[in-house]
There are 2 protein chains.
Amino acid sequence: MRFLIKFSYDGTHYAGFQRQKGKDTIQERMEEALKIVNNHQKTPIVATGRTDKGVHALSQYGHADLSVKITEKKLKRALNSHLPDDIHVMETKEVEKDFHARYYVKKKEYQYVLNRGEYNPLEKNYVFQYNYSLNVEEMKKAIFYFLGEHDFRAFATDNKEKENCVREITKAQIKEKGEKLIFTFEGTGFLRYQVRNMVGLLIKVGENKIKAEEVKSILESKDRTKSGKTAPACGLTLVKVTY
Amino acid sequence: MRFLIKFSYDGTHYAGFQRQKGKDTIQERMEEALKIVNNHQKTPIVATGRTDKGVHALSQYGHADLSVKITEKKLKRALNSHLPDDIHVMETKEVEKDFHARYYVKKKEYQYVLNRGEYNPLEKNYVFQYNYSLNVEEMKKAIFYFLGEHDFRAFATDNKEKENCVREITKAQIKEKGEKLIFTFEGTGFLRYQVRNMVGLLIKVGENKIKAEEVKSILESKDRTKSGKTAPACGLTLVKVTY
C-alpha cells in the first residue's frame, strides 16, 4: 500500500531534509520510523522536495510503500510514537500505487519571516532578526518582478550549467505584521536557495542599495553574482503544498 | 548607579531563574554578563520574582548596582554581547538608589497557552499540547472564582505552613484563538506554581470531572490535595510587569 504522509518539522537541529552520510536529517528520522512500523523492512520516503539545513516545514508531504496492513489513523499514531518531538506526522492517506509525492505537486508555498523589532528569544529559531531600517515600500515594488515565469538562474545556488532554471511564481507578497515582515512565495517549484536568495535581494532593495526596477535586469542577467546575499535559513518555512 | 533591567528569555534549557548550585540558571547567566560589564566585580541581580524550570519570560525585570560609568544604551548592548541567544536584555534604565525590582512591583501578568489542535513542532517548547476535548464554557465560568483576594494555599506548592498565602488576582480570563486556549492571570503577586496549579484545576473542570462552582470550595479548603495537577511549565510565560 502506498501512503501519502503529511508532516511538519522544526529544522533547527537537522542538516536538512535529505539523507546525508553521518548527518542527522529529517529523511533519516522518517525512514527509521517507517522501518519500525513496516516490520523492520527498509522503507524509503519520497518527499515533495528537500528543505535545507535549518529550514522548517509546517506542511511537507512524502509517499512511502508499506507492506504491512495498517489503517491511516494507526499509521499516523505509530509513526509519531517513533519520531522525535521536532518531527510530527499530521496526516496519512492511502493513495494509488502510481501517486508520486514529488511529480504530482501543483504548487508550493514558502513563508519567510524577518523581524525588525526587539529580538525575542522565543522566536530565535523561526525568524531572521534584522536590526536596521528597511524601505519596505520599495521592497513591495521589487517583489512584483518575481511574479510569473522566469529563468531564475541568478537566484539559484549550486545549480548545474545545463539545468533548467525556469520556474513560475504565482504569488509573491510582503505583509507587515507589527515589526515583522512576512514574505510569501507560491510557485510551481523552486530552485535550491531560491527563496532565500530572493529575500536576500529584496533586503538589498530595502537598504536602498539598488532600485526596485533593477530586480528585472538582475533576473535577466542569469548571473548569481549580481543578486544579493542568501538570507538565513531560520526565517524560512514550507507552509503549504497543493496536489 | 542602580539600573533597572528589562529582559526576556526562553526558559526551556534552564533550571529556572534562581541560582542553584551546579545548575544552569537565568540568574547565573545574567550575573556573569553583569560581572564582565562591571569590571569583573561580583554584581547580583534582584528580579521581580523567580520563574520555575522551563517557564519563559517576555518581560522580566531586575535591578543591579554597577560601579562603572555606563550609559543605558551601552549597558544594554554590552550585556547582550555576553548573554546566550535565549536570554535578551530589552531595556535598561537608571533608577534611584532605593528602587527595588521586587518590592516595587504593582502587578504581574502571566499567560498560559494550551493547544488542542494538531501538534506543531515549532511550538513544542511554548505551548502545552492537550489532545482531549474540553468543556471550555464551564472552564470560563470556573476561572471567575479566582478573581479577587483569596488565600491561595490550595494552589501553592512547597509553601511553608506559616507563609501568608493571600494574594489578589485582578484579571483572569480564557480566550480561544483557533484551537488554542490562552489563559491570562494578572495579580499583585503569585505563589510558587500557583498559575500552573490553577490551570491544572481548570483543565479538570474542562474534563467535566468537577463543576465550575467547586473551585470556590476548593479555594476555601486551603488544601493542596483537593486541587488539580500542576500544568506543564512550557505553556507558561511571564508577559508583563507593572511598577
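Chain letters run A, B, ... following the sequence lines, proteins first, then strands; residues in each count from 1.
- Note that NE2 of B:His88 and CG of A:Leu122 are 12.0 Å apart. Values are rounded to the nearest 0.5 Å.
- Atom CG in A:Asp10 sits 8.0 Å away from atom CG in B:Asn125 (nearest 0.5 Å).
- Contact of B:Leu58 with chain A is made through the side chain alone, with heavy-atom distances under 4.5 Å.
- At a 4.5 Å heavy-atom cutoff, the contact between B:Asn120 and chain A is made by side-chain atoms alone.
- Atoms CG and CD, from A:Asp85 and B:Gln129 in turn, are 11.5 Å apart once rounded to the nearest 0.5 Å.
- Scanning residues 13-41 of chain B against chain A with a 4.5 Å non-hydrogen threshold yields no residues.
- Of the two parts of A:Tyr119, the backbone and the side chain both hold a non-hydrogen atom closer than 4.5 Å to a non-hydrogen atom of chain B.
- Counting heavy atoms of neighbouring residues, nucleotides and ligands inside a 6.0 Å radius, atom NZ of A:Lys107 does not exceed 12 of them.
- Note on B:Lys76 versus A:Glu118: salt bridge recorded, some NZ/NE/NH1/NH2 to OD/OE distance being below 4.0 Å.
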